[in-house]
Amino acid sequence: MMENIVFFGVVALTLLGAFLAVSLRNVFYNALALVLCLFGVACLFIFLNSEFLAVMEVIVYIGAISIAIIFAIMLSTPMLQKTEAPQDRLKTLRSFVIAALLFGGLFKALQKTTWPAAGVDGDYSLHAIGRLLLTGQVLPFEAVSLVLLVAIMGALLLAEKK
Amino acid sequence: MSAAQSLSSYLLISAALFSIGVFGLLSRRNLVAILISLELILNSASLNFVAFNKFSLVDKALGQVFAIFIIALAAAEVCIGLSLILLLHRKKDSINVDEARELRG
């Protein structure tokens, strides 16, 4: 019972954050709402027994990605002060219809499909994750590290003042 | 079965996050807002991976490993995207996607 109350609270927090992150006109408030939404997702990860991922979500998403976005907004003052001009209703309505149709389709697909089920008991530990990263999934792991390196070098190169 | 212990409730949340992200992607013209919507979509994908990890996989580390890959790729994407946005802002003093259309010819 208690679990359900907390769960629905977290879900409401997540969806509220996501909605505010796309609907508010000021992009700075969007970034703050994104932090709220990401925190909700981190709480959902705890419900799914993945504590390490919840910590990673808070450290990497909130601590690095959102802060980088907020820095970029604050470094360019016009972005911070300017609230966007209200855009035409037609485009918002069209995007809303497309997103609603997408959600309806996904909802129908969810109801129709029976997913394979396995027991929820198992080894969720950081130990198992580390062992899998360095044995079975070592090739994707190395590829991701290379991608990160190239991305950081590319970003430095692009943002350099000529 | 309580809602916190069923796969379909997590898939529903993830579908809602994805749809909200697509709505933001289509309706906003500000590049930073588009980047934020992309983050929402990536989050819905990793939520799906972790939900299936708990309820449908035997190896309980595999889904978490893929969610870690998604987080790493999102970090790379944001890092490149923000530097491109800063470059565009320096060049045009605007980050509206409608004003960056040189490639259209």
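Reminder, nothing fancy here: chain letters follow the sequence lines and each chain counts from 1. The shown structure was predicted, so the numbers you read here are calculated from the model rather than taken from an experiment.
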ask   = Are the side chains of Ile68(B) and Val144(A) in touch, meaning some heavy atoms are under 4.5 Å apart?
value = no
task = Without swapping roles, check the side chain of Lys60(B) against the backbone of Ala128(A) for a donor-acceptor pair under 3.5 Å.
result = no
query = Should the pair Phe141(A) and Phe69(B) be assigned to parallel (<30°), tilted (30 to 60°) or perpendicular (>60°) ring geometry?
reply = tilted
ask   = Atom OG in Ser8(B), atom CG in Leu110(A): separation rounded to 0.5 Å?
value = 7.5 Å
inquiry  = Could you measure the distance from the CD1 atom of Ile65(A) to the CD1 atom of Ile36(B)? Nearest 0.5 Å is fine.
reply    = 11.5 Å
message = Does any part of the side chain of Gln137(A), heavy atoms only, come nearer than 4.5 Å to the side chain of Leu62(B), both counted from C-beta?
response = yes
task = Name the option with the most non-hydrogen atom pairs under 4.5 Å to chain A; the candidates are Ala72(B), Ala15(B), Gly81(B).
result = Ala15(B)
inquiry  = Restricting to non-hydrogen atoms, name the atom on Val50(B) and the atom on Ser50(A) that form the minimum distance, rounded to 0.1 Å.
reply    = CG1-OG, 3.3 Å
note = Closest non-hydrogen contact found for Ala61(B) with Leu132(A) is C-CD2, 3.8 Å
query = For Phe103(A) and Phe23(B), what are the C-alpha separation, side-chain angles and deciding distance, and is it a ring-ring contact (aromatic ring centres under 6.0 Å, His included)?
reply = CA-CA 10 Å; Phe103(A) 181 71; Phe23(B) 170 69; over 10 Å; no
Residue Leu38(A) versus chain B: region with a heavy atom under 4.5 Å = side chain
inquiry  = Counting heavy-atom pairs closer than 4.5 Å to chain A, which one of Val22(B), Val78(B), Val65(B) comes out on top?
reply    = Val65(B)
request  = Specify which of Ser46(B), Gly21(B), Ser37(B) makes the most heavy-atom pairs with chain A at under 4.5 Å.
outcome  = Ser46(B)
message = Can you tell me which residue among Phe7(A), Trp115(A), Phe47(A) is in a ring-ring contact (aromatic ring centres under 6.0 Å, His included) with Tyr10(B)?
response = Phe7(A)
request  = With sequence neighbours left out, write down each residue that passes side chain to side chain contact (heavy atoms under 4.5 Å, CB included) with Val150(A), or none if nothing qualifies.
outcome  = none
ask   = Do Asn43(B) and Glu57(A) have side-chain heavy atoms sitting under 4.5 Å apart?
value = yes
remark   = chain A shares the most heavy-atom pairs under 4.5 Å, among Val58(B), Ile34(B), Leu82(B), with Leu82(B)
task = Take atom OH of Tyr124(A) as the centre, draw a 6.0 Å sphere, and report whether it contains more than 12 heavy atoms from other residues, nucleotides or ligands.
result = yes
Side chain to side chain, Leu17(B) and Cys37(A), heavy atoms closer than 4.5 Å = yes
Backbone N/O of Ser27(B) and side chain of Arg94(A): donor-acceptor pair under 3.5 Å = no
